[in-house]
Student: 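Sharing a structure here in structure tokens format.
The shown structure was predicted, so the numbers you read here are calculated from the model rather than taken from an experiment. Residue numbers begin at 1 in each chain, while the letters A, B, ... track the order of the sequences.
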Amino acid sequence: MAATLSAADIHCTLQPNSDSNRSIFFTSPLRLPNRRRFFTVSCSSSSKSLPKPPPDLEDIHPQNPSLSDQLKSISTTLLNENPTKDQQSKKTQLLTKPKSTWVNPTRPKPSVLNLQRQKKTQQYSHNPQIRDLKHFAKKLDECETSEAAFMEAIEEIPHPPSRENSLLVLNSLRQWQKTLLFFNWIKTQKLFPMETIFYNVAMKSLRFGRQFQLIEDLANDMINDEIELDNITYSTIITCAKRCSLFDKAVEWFERMYKTGLMPDEVTYSAVLDVYAQLGKVGEVMSLYERARASGWVPDHIALAVLGKMFGEAGDYDGIRYVLDEMKSLGMQPNLVVYNTLLEALGKAGKPGLARSLFLEMVESGITPNEKTLTALVKIYGKARWAKDALDLWEQMRSNGWRMDLFLCNTLLSMCADLGLEEEAERLFDDMKESMNFRPNSWSYTALLNTYGSGGNVDKAMKLFDEMSETGVEVNVMAVTCLIQCLGRAKRIDDLVRVFEFAMERGVKPDDRLCGCLMSIISYFEGEDVNKVLALLQHANPELVSFIKLLEQDKTSFETIREEFRGIINATIVNARRPFCNCLIDICRNGNLHERAHELLYMGTVYGLYPGLHTKTPDEWRLNVRSLSVGAANTAFEEWMGTLSKTIDQKEELPKLFIATTGAGTHKLAEGLASAFESQVKKLAAPFRQSEEKAGLFQATREDIVAWAQSKAPPSLAVTS
DNA sequence: CTGTCGTGAA
């Protein structure tokens with residue numbers, strides 16, 4: 001038993017490994033009860049006294065009368081029964097498994113799942129009848145789906161519909177309609193009692209046809225006819241609900257299972273784990289997972305991939321760490337799919353460094369990355385603007401001859417746009433046209449357009465767009481947006497209008513992103529050009545144009561602005577809301593509507609579009625304008641200085657240090673923001689100085705601020721209240 | 001041949 005983990009080891013792996021209070025490991029209410037339960041049980045000297053049901057189980061299944069039965073230890077099941085040979089070997093397997101978490105089998109351990117899978121009944125013995133019956137099933141499948149046609153066909157059954165023969169036919173039918181007809185037919189024949197297995201086989205076929213309602217009806221028939229529902233029944237119901245995206249139904253049936261006192265086996269448990277993961281119910285997943293682990297369940301690669309993916313979707317780095325630590329403590333070597341899932345998850349959690357080291361570990365362990373691995377990593381390096389790592393990886397891909405597919409090539413092209421690698425993008429694009437066995441599609445064209453666009457290469461971008469429209473590649477809204485952005489920056493307004501109109505003729509539907517792009521162009525144009533772009537925006541989103549008109553009218557009240565703004569923002573997809581607000585502020589400032597700009601910034605803050613804009617600690621107050629446009633950042637700075645003046649007038653306590661950050665300029669939006677911000681600081685004669693070692697970091701001391709406020713009393717910058 | 005779960009693109 002040298003390699004066996006101790007109970008303490010197991011629970012050490014459950015400890016939070018970060019003190020972040022966002023960690024689910026602190027917030028999960030089920031964590032502490034679980035641990036307490038474990039120690040109560042494992043420290044008990046009497047092996048006979050069963051532990052009381054833990055409170056967390058009662059919370060989830062309050063009406064279950066037999067919960068303590070469910071905690072029946074697996075050890076008593078295995079040791080008290082007269083084991084068959086098969087069970088004996090299973091037991092030995094469990095006890096000698098090097099990484100078994102079962103510490104002492106003579107002690108009872110609370111179990112929430114049955115570690116023994118429900119057994120399948122004996123396979124059909126080999127029998128010449130089988131061929132006949134299968135052939136018959138095929139004929140039933142091929143006949144018309146009407147009941148009359150079916151009843152006619154069934155007359156030709158080659159052998160009497162005994163229990164075994166019926167089961168064979170039932171299991172061989174592919175169409176769920178036929179399965180149901182045949183099932184009902186054998187039921188009316190009443191040659192033998194309908195057992196659970198008949199329902200299970202029928203349900204499996206119905207699941208293939210995604211007929212959840214019919215499955216639920218059958219299950220209710222079983223309950224009414226007092227036919228036992230077993231683990232196979234429940235797992236079939238649950239997975240069918242899942243495939244039909246009826247997650248609430250999946251959960252409902254799992255809870256019903258608990259209420260009847262049936263203990264899930266590992267198959268049912270795994271299925272439910274995935275249900276909760278897909279619902280994003282991290283707390284429930286972890287609670288189920290830990291309870292199963294405490295029962296001695298050893299998770300497989302798939303279960304851990306399910307956890308990893310879930311944490312990735314939640315952007316939860318601690319969770320991803322937990323999965324890695326868990327595998328280490330289980331002595332499990334991740335396979336290719338698990339690595340891919342975790343790399344993807346680390347990308348979503350914004351951890352490029354950890355992704356890189358995990359990739360190195362993967363390659364060192366001898367696993368060859370596939371297209372999905374490389375796609376995930378290329379995307380991560382591109383988004384992080386890690387040019388060196390990205391190019392090194394690309395070189396490594398070439399020298400190792402790792403296979404590429406369309407996804408990977410397109411991700412590489414997008415990375416080129418992020419890093420400004422025009423030549424590399426062109427070379428890859430040509431390779432795709434000539435030597436690879438897939439052609440560039442609309443994603444490829446869009447990525448290359450974006451590369452040209454962010455490099456300011458307008459003519460190449462236009463030429464590429466022409467090529468795209470001529471070669472029959474779908475002209476999509478993303479490509480149009482990239483090109484329009486590029487033409488806007490180059491002030492080629494008539495080309496811009498032509499491209500927009502061409503796209504509309506081609507059936508492109510403008511989306512919020514395109515509207516945001518048009519609005520940003522409006523914000524830096526003047527005169528007749530503004531009207532030309534407004535006309536395009538009128539076509540794409542008339543409400544936005546009305547709102548802009550409203551902003552420009554003096555008589556519009558703040559109340560009206562607030563109401564209309566709310567309507568606009570609610571109708572906008574979440575990740576376009578902040579850009580919208582930024583653009584609207586820019587438009588106001590460009591049109592000398594400074595008061596409106598402050599109103600918009602206020603509402604944007606109220607609607608949570610600028611989280612973390614201002615943070616206060618006793619030592620420093622910080623204004624973070626990283627995600628703001630130039631106009632919005634200037635507005636925010638004015639607002640802040642105004643507030644500071646007031647604070648000083650009212651003799652409130654101030655911190656030692658004041659900081660404003662614009663970011664270093666690695667992000668597209670931040671380019672030029674630092675310099676624009678600096679001139680704004682000068683304009684207001686504010687005492688902030690840009691740090692010499694860190695661009696985009698502006699600092700002022702308390703003394704600076706107080707002196708500044710006193711020199712310019714009375715404050716005139718606090719425009720809105 | 002009564003049941004489960006995992007990987008990629010603005």
Student: Using a heavy-atom cut-off of 4.0 Å across all strands, would you classify A:Leu343 as base, sugar-phosphate, or nothing?
Tutor: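 Nothing, no heavy atom under 4.0 Å.
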
Student: Just how far, in rounded Å, is C1' of B:dT4 from CE of A:Met257?
Tutor: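 Spelled out: CE on A:Met257 to C1' on B:dT4 is 12 Å.
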
Student: Base, sugar-phosphate or nothing for A:Val267? Non-hydrogen atoms, less than 4.0 Å.
Tutor: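 The answer is base, as A:Val267 lies within the cut-off (heavy atoms under 4.0 Å) of a base atom.
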
Student: Applying a 4.0 Å non-hydrogen cut-off, can you work out what A:Thr239 is touching in the nucleic acid: base, sugar-phosphate, or nothing?
Tutor: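 Sugar-phosphate contact only - A:Thr239 comes under 4.0 Å of backbone atoms but never of a base.
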
Student: Between B:dG6, B:dA9, B:dT4, which one does the side chain of A:Glu344 approach most closely?
Tutor: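 So the side chain of A:Glu344 is nearest to B:dA9.
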
Student: Please work out if A:Asn410 contacts a base, only the sugar-phosphate, or nothing of the nucleic acid, heavy-atom cut-off 4.0 Å.
Tutor: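 A:Asn410: base contact, heavy atoms under 4.0 Å.
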
Student: Nearest 0.5 Å, please: how far is OG1 in A:Thr341 from CG in A:Leu304?
Tutor: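 Answer rounded to 0.5 Å: 10.5 Å.
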
Student: I want to check one thing: is the phosphate of B:dA10, taken as OP1 and OP2, less than 4.0 Å away from some side-chain N or O of A:Lys379?
Tutor: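 For A:Lys379, the contact criterion (side-chain N or O under 4.0 Å from OP1 or OP2 of B:dA10) is met.
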
Student: So, under a plain 3.5 Å distance rule, would you say the side chain of A:Thr236 forms a donor-acceptor pair with the base of B:dG3?
Tutor: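 No such pair is found, so the answer is no.
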
Student: Need one value for A:Thr268: base, sugar-phosphate or nothing, where a base atom within 4.0 Å counts as base even if backbone is also close, heavy atoms only.
Tutor: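 Base contact.
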
Student: Among B:dC5, B:dA10, B:dG3, which nucleotide sits nearest the side chain of A:Ile302?
Tutor: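 Selected nucleotide (nearest to the side chain): B:dC5.
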
Student: With distance as the sole criterion, do the side chain of A:Asp265 and the base of B:dG3 form a donor-acceptor contact below 3.5 Å?
Tutor: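 By the distance-only test, yes, there is a pair.
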
Student: Does any donor-acceptor pair link the side chain of A:Asn335 with the base of B:dG6 at a separation under 3.5 Å?
Tutor: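 Yes, the side chain and the base share a sub-3.5 Å donor-acceptor pair.
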
Student: Using the benzene-type ring in the case of Trp, are the ring centres of A:Tyr317 and A:Phe311 under 6.0 Å apart?
Tutor: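 Centroid separation for A:Tyr317 and A:Phe311: 6.0 Å or greater.
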
Student: For a quick test of your reading: what N or O donor-acceptor pairs under 3.5 Å do the side chains of residues 238-245 of chain A make, sequence neighbours left out?
Tutor:
from     : atom 1 : to       : atom 2 : distance (Å)
A:Thr239 : OG1    : A:Arg207 : NH1    : 2.8
A:Thr239 : OG1    : A:Ser235 : O      : 2.9
A:Thr239 : OG1    : A:Thr236 : O      : 3.2
A:Lys242 : NZ     : A:Asp274 : OD2    : 2.9

Student: Which nucleotide in the list B:dC5, B:dT2, B:dA9 gets nearest to the side chain of A:Phe407?
Tutor: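 The closest nucleotide is B:dA9.
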
Student: Round to a whole Å and report the spacing from CG of A:Asn476 to P of B:dA10.
Tutor: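 In whole Å, B:dA10 P and A:Asn476 CG are 13 Å from each other.
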
Student: Name the closest nucleotide to the A:Ser270 side chain, picking from B:dC5, B:dG3, B:dG6.
Tutor: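 Closest nucleotide among those given: B:dC5.
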
Student: If you count heavy atoms of other groups shown closer than 6.0 angstrom to CZ of A:Arg398, is the number above 12?
Tutor: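 Buried by this count: over 12 neighbours within 6.0 Å.
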
Student: Between the base of B:dG8 and the side chain of A:Asp405, is there a donor-acceptor distance below 3.5 Å?
Tutor: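 Side chain to base: pair found, below 3.5 Å.
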
Student: Just jot down the ring-ring contact (aromatic ring centres under 6.0 Å, His included) partners of A:Tyr234, sequence neighbours excluded, or say none.
Tutor: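 Checked A:Tyr234 against ring-ring contact (aromatic ring centres under 6.0 Å, His included); zero matches.
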
Student: Side chain of A:Ile232 only, heavy atoms from C-beta on: which candidate in B:dT7, B:dT4, B:dT2 is closest?
Tutor: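 Of all the options, the side chain of A:Ile232 is nearest to B:dT2.
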
Student: Figure out the CG/P separation between A:Leu307 and B:dT4, and round it to whole Å.
Tutor: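 That distance rounds to 20 Å.
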
Student: Would you please classify the geometry between the A:Tyr381 ring and the A:Trp386 ring as parallel, tilted or perpendicular, with 30° and 60° separating the classes?
Tutor: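 A:Trp386 vs A:Tyr381 ring planes: parallel.
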
Student: Could you give the CD1-to-P distance, from A:Ile367 to B:dG6, as a whole number of Å?
Tutor: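 The distance from CD1 of A:Ile367 to P of B:dG6 comes to 20 Å, rounded to the nearest Å.
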
Student: Does B:dG6 have OP1 or OP2 sitting under 4.0 Å from an N or O in the side chain of A:Lys309?
Tutor: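 Indeed not, no polar side-chain atom of A:Lys309 lies that close.
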
Student: With heavy atoms under 4.0 Å as the rule, sort A:Asn575 into base, sugar-phosphate or nothing.
Tutor: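 If one applies the 4.0 Å heavy-atom cut-off, A:Asn575 turns out to touch nothing in the nucleic acid.
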
Student: Going by 5.5 Å between centroids and 30° between planes, is there a stack of A:Trp443 over B:dA10?
Tutor: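 Yes; by the centre-distance and plane-angle rule, A:Trp443 counts as stacking on B:dA10.
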
Student: When you get a sec, tell me which of B:dG8, B:dT2, B:dC5 is the closest nucleotide to the side chain of A:Asp300?
Tutor: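 Nearest listed nucleotide: B:dC5.
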
Student: Check every strand shown and say whether A:Arg174 touches a base, only sugar-phosphate, or nothing at a heavy-atom separation below 4.0 Å.
Tutor: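 Since no nucleic acid heavy atom lies under 4.0 Å of A:Arg174, the category is nothing.
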
Student: According to a strict under-4.0 Å criterion, is A:Arg163 in side-chain N/O contact with OP1 or OP2 of B:dT2?
Tutor: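 So the side-chain polar atoms of A:Arg163 never come under 4.0 Å of the phosphate oxygens OP1 or OP2 of B:dT2.
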
Student: For A:Val251, does its backbone N or O pair with a side-chain atom of A:Asp248 as donor and acceptor, under 3.5 Å?
Tutor: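 No, A:Asp248 side chain to A:Val251 backbone: no donor-acceptor pair under 3.5 Å.
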
Student: Out of B:dT7, B:dG6, B:dG8, which has the shortest distance to the side chain of A:Glu371?
Tutor: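 In terms of side-chain proximity for A:Glu371, the closest of B:dT7, B:dG6, B:dG8 is B:dG8.
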
Student: Just how far, in rounded Å, is C1' of B:dA10 from CG of A:Leu448?
Tutor: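 Going from A:Leu448 (CG) to B:dA10 (C1'), I get 14 Å.
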
Student: Given atom CG of A:Asp418 and atom P of B:dA10, what is their separation to the nearest angstrom?
Tutor: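 About 9 Å, once rounded to whole Å.
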
Student: Identify which nucleotide among B:dG3, B:dA9, B:dC5 has an atom closest to any side-chain atom of A:Arg207, counting heavy atoms from C-beta outward.
Tutor: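 Within the option list, the nearest is B:dG3.
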
Student: Can you check the A:Asn370 CG to B:dG8 P distance for me, whole Å?
Tutor: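 After rounding, the gap between these two atoms is 11 Å.
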
Student: Ignoring hydrogens and geometry beyond distance, is the side chain of A:Thr233 in donor-acceptor contact with the base of B:dG3 at under 3.5 Å?
Tutor: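 Checked by distance alone, the answer is no.
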
Student: To the nearest Å, give me how far apart CE (A:Met432) and P (B:dA9) are.
Tutor: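 One finds 16 Å between P of B:dA9 and CE of A:Met432, rounded.
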
